[in-house]
Amino acid sequence: MDRSSLLRLIQGQLDPENTGFVCAETFATLVNNHELPLDPAKLEMLFALSQGNEEGQICYPQLVDLISSKRSSSFRRAISSGQRALPRDVLLDQAGLGVYKRFVRYVAYEILPGEMERRWYFYQHRPCPPPIFMAAVTLTQIIVFLCYGVRLNKWVLQTYHPEYMKSPLVYHPGHRARAWRFLTYMFMHVGLEQLGFNTLLQLMIGVPLEMVHGVLRISSLYLAGVLAGSLAVSVTDMRAPLVGGSGGVYALCSAHLANVVMNWAGMRCPYKVLRMILALVCMSSEVGRAVWLRFSPPLPAAGPQPSFMAHLAGAAVGVSMGLTILRSYEENLQDQCGWWVILLCYATFLAFAIFWNVFAYDLLGVQIPHPP
């Protein structure tokens, strides 16, 4: 039976008077009698939603969203009710899973804070589409780095090579009119150490986040961090160029770490304290390395070295926009007032940064290094 036939059967047998409500227990009996293919997590969610109704009913639009696997504004309420009222086995206790399903279970425990959410994700997850965005960005960054490494015959501190800054991908203050550079700088890196750090975090954190929250949300967060990074550099470090995907990487990492801290009790990932300390030390060390290269270059350079402000701007995007996204699993962002406030703040920053780039450099008489 397809989904549309199931919905017609539900409306015809369970709500013949068109009251708009369906009894949860009667629906579960209908599913069992007709042996309908419905994930166990969906039935659990159905009963969780019915806890808020004195007669154990669920409104028809919520039932349609549940069957259609659409994001629902009532998902958080169902999670809260389900944690209190539903008996269920812990997902970790399930045995006999294949390699991929074990990986999906691992991702659920790494990213989601509640057992109900983890079970929902585990049963709802489908391998297609795969987390293509983070994989494509990482692969492109590696290919670009290898091409320039072979061309320049230099694998560390590539920015000191006189030909490096001539790349059409690098953000340079003298080429601000070429708007694509505000994004494409994420494909260039200072050297092997920065590339390794960024790609490792993209694969370890970005891929699981994309598997759980979807390509649209995570790609938007990553690109928002990248764009905020270049615009922040153009405002606060006006003479410096910029390379590396650190703006997007720090947006993902800071959002994930903030989400872990705010849901500390519910997170079941092992060695939480040790991993949190290690992540903060590594991220702080990378910022420190970028500051050192910016103000104390180890080699003679023809101009200023890449700025570190993208790291900080990416982190700011992560703890604001990113945290809102990660805390809204299976919820509609457009239904949340806080989401619109954050979008308004981000749009205001974009408008200010664009105005600054158009007028401030000439008004302030900034001495920009000659673009290559």
Side-chain angles (χ1 to χ4, degrees), residues 39-42 44-45 65-66 68-72 75-76 78-79 90-92 94 97-142 186 198-226 245 248-263 266-272 275-276 279 314 317-318 321-333:
D39 291 333
K42 287 188 177 183
E44 290 188 2
M45 193 64 60
D65 288 343
L66 188 70
S68 303
S69 300
K70 293 181 179 179
R71 298 187 187 276
S72 171
F75 183 81
R76 185 65 52 187
I79 290 293
V90 178
L91 195 59
L92 279 176
Q94 293 194 14
L97 299 177
V99 175
Y100 182 75
K101 293 301 290 184
R102 288 201 299 269
F103 175 68
V104 172
R105 182 175 62 182
Y106 164 80
V107 169
Y109 276 94
E110 285 290 313
I111 303 300
L112 296 171
E115 186 66 24
M116 188 73 170
E117 291 172 314
R118 292 190 282 261
R119 290 177 60 83
W120 174 264
Y121 168 72
F122 180 79
Y123 288 110
Q124 283 291 105
H125 175 76
R126 298 294 182 269
C128 291
I132 190 64
F133 175 77
M134 292 311 309
V137 168
T138 302
L139 182 60
T140 304
Q141 290 172 339
I142 293 174
M186 70 180 184
N198 284 347
T199 55
L200 182 65
L201 289 180
Q202 285 172 182
L203 295 177
M204 291 183 61
I205 297 179
V207 169
L209 286 176
E210 187 177 346
M211 290 177 63
V212 173
H213 295 281
V215 61
L216 180 60
R217 291 189 174 192
I218 298 305
S219 62
S220 300
L221 174 59
Y222 186 90
L223 294 177
V226 170
V249 170
Y250 273 64
L252 297 180
C253 293
S254 58
H256 178 58
L257 293 180
N259 190 44
V260 170
V261 171
M262 295 190 67
N263 298 281
M267 299 300 292
R268 293 287 301 275
C269 48
Y271 309 108
K272 287 187 295 187
R275 293 167 64 178
M276 178 68 70
V317 170
M321 181 185 297
L323 183 59
T324 303
I325 291 175
L326 299 195
R327 287 173 59 84
S328 302
Y329 172 67
E330 287 299 328
E331 291 185 83
N332 288 317
L333 289 172

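This chain uses plain numbering: 1 for the first residue, then up along the sequence.
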task: Any chance you could lay out the side-chain contact (heavy atoms from CB on, under 4.5 Å) test for Phe122 and Leu112, step after step, and finish with the verdict?
output: CA-CA 11 Å; Phe122 180 79; Leu112 296 171; over 6 Å; no
message: Assess the residue pair Val260 and Arg275 against the criterion (side-chain contact (heavy atoms from CB on, under 4.5 Å)); give the C-alpha distance rounded to whole Å, side-chain angles, the decisive distance to 0.1 Å, and a yes or no.
response: CA-CA 11 Å; Val260 170; Arg275 293 167 64 178; over 6 Å; no
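Annotation for Leu323 and Ala258: closest pair CD1-C, 3.9 Å, computed over non-hydrogen atoms. Across all non-hydrogen atoms, the minimal contact from Ile132 to Glu210 is N-OE2, 3.2 Å. Of all heavy-atom pairs spanning Leu252 and Gly206, the tightest one is CD1-CA, 3.9 Å. Here the closest non-hydrogen pair linking Gly248 and Val226 is N-CG2, 3.6 Å. Nearest approach of Gly225 to Val317, heavy atoms of both residues: N-CG1, 4.1 Å. Minimum heavy-atom separation, Gly314 to Ser254: O-OG, 3.9 Å.
Here the CE-CD1 distance, from Met134 to Ile205, works out to 10.0 Å after rounding to the nearest 0.5 Å. To the nearest 0.5 Å, atom CZ of residue Arg118 and atom CZ of residue Arg268 are 6.0 Å apart. To the nearest 0.5 angstrom, Asn259 atom CG is 7.0 Å from Arg327 atom CZ. Ile111 CD1 to Met267 CE: the interatomic distance, rounded to the nearest 0.5 Å, is 6.5 Å. Interatomic distance, His213 NE2 to Tyr121 OH, rounded to the nearest 0.5 Å: 9.5 Å.
Glu117 places no side-chain N or O within donor-acceptor distance of the main-chain N or O of Tyr329, the cut-off being under 3.5 Å. With hydrogens and angles disregarded, no donor-acceptor distance shorter than 3.5 Å links the side chain of Glu110 to the backbone of Pro208. For the pair Gln202 (side chain) and Val249 (backbone), a donor-acceptor distance under 3.5 Å is absent. In this structure, the side chain of Gln141 engages the main chain of Met186 through a donor-acceptor pair within 3.5 Å.
Residues Leu326 and Leu209 have side chains in contact (heavy-atom distance under 4.5 Å, counting atoms from C-beta outward).
A search for ring-ring contact (aromatic ring centres under 6.0 Å, His included) contacts involving Tyr100 returns His125, not counting sequence neighbours.
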